[in-house]
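Quick notes on the structure that follows.
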Amino acid sequence: MRWSQAFIPTLKEDPADAEVASHRLMVRAGLLRPVARGIYTYLPLMQRVLLKVQRIVREELDRIGAVELVMPILSPAELWRETGRWDLYGDLMMRLEDRHDRAYALGPTHEEVITDLARQEVRSYRDLPVNLYQIQTKFRDEIRPRFGVMRAREFVMKDGYSFHADAASLAETYDAYVEAYGRIFERCGLGFRAVEASSGAIGGDENHEFMVLADTGESLVLSCGACGYAASEERAEGVPAAHDLPPGHAPNPLEEVHTPERKTVEDVAALLERDHRSFVKTLLFDADGTTTAALVRGDREINEEKLKRHLGVQRVEMASPERVREITGAAVGYAGPHTLPDDVRIVADYSLAGRGDLVAGANRTDWHVTGLEIGRDVEPDEWADLMTIVGGDPCPRCGAALEETRGIEVGHVFKLGAKYSAAMGATFQDEDGEQRPFLMGCYGLGVTRVVAAAIEQNHDEGGIAWPVPIAPYEVELIPLNMDSPEVVETAERLYESCRAVGLEALLDDRPDRAGSKFADADLIGIPWRIVIGDRGLADGVVEAAPREAKADVEKLPPDEAAALVRERIEARRR
RNA sequence: CGGGGCGUAGCUCAGCCAGGUAGAGUGCCGGCUUUGGGAGCCGGUGGUCGCCGGUUCGAAUCCGGCCGCCCCGACCA
């Protein structure tokens, strides 16, 4: 491809609205242009990268026997109502109506559509397992799209779904996907880590997230250097009774203290001169319509995902201020566990087990209590692991200190079990002639997000430095002086010989000066470059160098350069 | 949804406080010169100052409403 025809609109300056490297560089390097909030046009260079990532994905999924199909972007509300997700998905799902006032959603994912297909077409255990995937545009109406393609509303995703007669078959396919994902991310040049994760809105049992480690990632990963345990923030387990405690003390009577206008642990702790750890945080949640009080030590936070799992509910959210007043008789900020109505279920985090002389809200506006003792003044209905784990907390497997790192979620695989098939009546006939719901797995991979993650991990001040397997071109030819017939003629010959040896070459045939060509080459990040200039040609050579080590210049005869660069690239691939 | 910020040339921004001919750099077009890290000189193109309304002799500037974009937060009591 000749640059003059390639449509690569590079920018000299950073766009004002981009903060992370991948977003900034994708716009500057002519990969991406915004169309609306969280919605982008993928320019030709981006499309080439996407096609390469997709090709790798297809090759690896084909290897594990997955078969590609395409489902529609638009799906009817009825399918979503069958599983209850029409309501559950909330505003994240983009809804619209056709001319007949029928309701549809822009597919944020496709479990319902594929399960509908399976229940119509798959009848017998003899047909199982079935393993299908698609690569398709998804739409999620994110609350706050940001970071360019990293959290966009419209994005490209590979989503796979498998159907099985039994758990062993599901496990086999699940494991195959985990391995295929590993190969995909490796081939894309990404440093990643598979972690235990929360299943979020998809639901199901076992699941793993694939995280690309990057400071700009939106997810938190807790990992153990000692034993290899790794989990997402939503999932990371606490260790019961393993948390450091303030010094012990004699039992004190329960007393009310006046704490006007002090609503937060921090405010009250400052007023009473008490450690945050000697507080009980009493959080009231609305869990599928019933109110639950969740208790956690004052210096820690409740992990709503864990609470949701413990309660076995679909949704938890903080109770409204009105509801809080109704239950506690006090304004928000003064809830305590000891005088709550009997019908409020109290779940306490292990960090409070056996504790005494605690500070809590008094269920009376502007008042707290001191001397609260678990067991004497309040007995929680249940104990559970509810708190959000942070770096430094002990590893639930081996006890070593966990490390906290940021990551970009690029893949997520789930064992769904019969969640969707049972809800939708998707069954098959087993060996005994019984109708049983399919066991399902689902496997997501963010194609556009992989591209962003690759840039986050592979860039410098000058621009992108693509890993070869996903680079839009493999080599960029830079004739320095388009007015020099010898330079132009050599470049053209080299361009032809690149084609002859199967190298994807971009020829910068613009009449621009050397400096601006170099700067653009750094920016768009083609992994190899060959410079053709009068200076080198005087010695009968052109100069080849990799993007990530521009100083390692090899002087090569023009007629051999293409083949030699081809060899360098192949050598690295091995 | 709440809070904050921004909206002026393709891009990055100044001008607004204190109303009076719409600017800079960069890009783009033409010319000359130059040609190994975003060159130099000369000339030029390019803007309903986000939109609507109000105040005023006069509004990019002041006031009100709306729209869009960005950032922070979205209940951790």
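Proteins get letters first, then strands, A, B, ... in listed order; numbering begins at 1 in each.
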Calculate the interatomic distance between [X] atom [atom1] and [N] atom [atom2]; express it in whole Å.
| X | N | atom1 | atom2 | result |
| --- | --- | --- | --- | --- |
| A:Arg277 | B:rC76 | CZ | P | 22 Å |
| A:Asp14 | B:rC13 | CG | C1' | 14 Å |
| A:Asp91 | B:rA74 | CG | P | 18 Å |
| A:Ile8 | B:rG38 | CD1 | P | 21 Å |
| A:Arg37 | B:rG7 | CZ | P | 18 Å |
| A:Arg144 | B:rG3 | CZ | C1' | 12 Å |
| A:Ile143 | B:rC75 | CD1 | C1' | 12 Å |
| A:His23 | B:rC71 | NE2 | P | 9 Å |

Fill in: A:Tyr473: partners by ring-ring contact (aromatic ring centres under 6.0 Å, His included), with sequence neighbours left out
none
Discussion item. Among residues at least two apart in sequence or on other chains, which ones pass ring-ring contact (aromatic ring centres under 6.0 Å, His included) with A:His276?
Written reply: none
Worksheet item: Can you tell which of B:rG36, B:rC71, B:rG38 lies closest to the side chain of A:Ser516?
Response: B:rG38
For [N], which nucleotide in any strand shown is its Watson-Crick or wobble partner with both distances under 3.5 Å?
| N | answer |
| --- | --- |
| B:rC6 | B:rG68 |
| B:rC32 | B:rG40 |
| B:rA24 | B:rU12 |
| B:rU48 | none |
| B:rG73 | B:rC1 |

Of [range], the positions that come close to RNA chain B - non-hydrogen atoms, cut-off under 4.0 Å:
| range | result |
| --- | --- |
| residues 475-482 of chain A | A:Leu480, A:Asn481 |
| residues 517-528 of chain A | A:Phe518, A:Ala519, A:Asp520, A:Asp522 |
| residues 540-558 of chain A | A:Glu543 |

Worksheet item: Among side-chain atoms of A:Thr388 and A:Glu301, is any donor-acceptor pair under 3.5 angstrom?
Response: no
For [X], answer base if it contacts any base atom (sugar-phosphate contacts may also be present), sugar-phosphate if it contacts only those atoms, and nothing otherwise; contact means non-hydrogen atoms under 4.0 Å.
| X | answer |
| --- | --- |
| A:Gly361 | nothing |
| A:Arg146 | sugar-phosphate |
| A:Ala16 | sugar-phosphate |
| A:Arg28 | base |
| A:Pro15 | sugar-phosphate |
| A:Thr388 | nothing |

Nucleotides 22-25 of chain B: which of its N/O atoms have a protein N/O under 3.5 Å away?
residue	atom	partner	partner atom	Å
B:rG25	N2	A:Glu13	OE2	3.1

One thing to verify: whether [Y] and [X] come together as a salt bridge, which I'm taking to mean a side-chain N less than 4.0 angstrom from a carboxylate O.
| X | Y | value |
| --- | --- | --- |
| A:Arg153 | A:Asp141 | yes |
| A:Asp366 | A:Arg262 | no |
| A:Arg300 | A:Asp393 | yes |
| A:Glu218 | A:Arg146 | yes |
| A:Asp552 | A:Arg568 | no |
| A:Asp17 | A:Arg24 | no |
| A:Glu154 | A:Lys138 | no |
| A:Asp385 | A:Lys306 | yes |

Roughly how far apart, to the nearest Å, are [N] and [M] at atom [atom1]?
| N | M | atom1 | answer |
| --- | --- | --- | --- |
| B:rG50 | B:rA59 | P | 15 Å |
| B:rA9 | B:rC29 | C1' | 15 Å |
| B:rG30 | B:rG20 | P | 38 Å |
| B:rA60 | B:rA74 | P | 41 Å |
| B:rC57 | B:rA24 | C1' | 31 Å |
| B:rC49 | B:rG7 | C1' | 10 Å |
| B:rC13 | B:rA22 | P | 24 Å |
| B:rC66 | B:rG47 | P | 30 Å |

Worksheet item: Which pair of heavy atoms, one from A:Leu402 and one from A:Pro396, lies closest together, and at what distance?
Response: CD1-CD, 4.3 Å
Item to complete: Would you please name every residue forming a side-chain hydrogen bond (donor to acceptor under 3.5 Å, both in side chains) with A:Tyr495, sequence neighbours left out?
Response: A:Arg499
Worksheet, complete the sentence: By side-chain hydrogen bond (donor to acceptor under 3.5 Å, both in side chains), A:Thr264 pairs with (sequence neighbours left out) A:Asp267
Discussion item. A:Glu560: which residues meet the salt bridge (charged side-chain N to carboxylate O under 4.0 Å, His left out) condition with it, sequence neighbours left out?
Written reply: none
Worksheet item: For A:Arg2, which residues count as a salt bridge (charged side-chain N to carboxylate O under 4.0 Å, His left out) partner, sequence neighbours excluded?
Response: A:Glu492
Worksheet item: Closer than 4.0 Å, any side-chain N/O of A:Lys12 to the OP1 or OP2 of B:rG27?
Response: yes
Every protein N/O lying under 3.5 Å from an N/O of nucleotides 28-34 of chain B:
residue	atom	partner	partner atom	Å
B:rU34	O2	A:Arg513	NH1	2.7

Worksheet item: Can you check whether A:Leu88's main-chain N or O pairs, donor with acceptor, with A:Trp80's side chain at less than 3.5 Å?
Response: no
Worksheet item: ring-ring contact (aromatic ring centres under 6.0 Å, His included): which pairs involve residues 514-565 of chain A, sequence neighbours left out?
Response: none
Worksheet, complete the sentence: Closest to the 5' end of RNA chain B, once A:Asn303 and A:Thr10 are matched to their nearest nucleotides, is A:Thr10
Discussion item. Need to verify one output field. Residue with the more 5' nearest nucleotide on RNA chain B, A:Val324 or A:Ala36?
Written reply: A:Ala36
Worksheet item: For the residue pair A:Trp383 and A:Tyr350, does the interplanar ring angle fall in the parallel (under 30°), tilted (30 to 60°) or perpendicular (over 60°) class?
Response: parallel
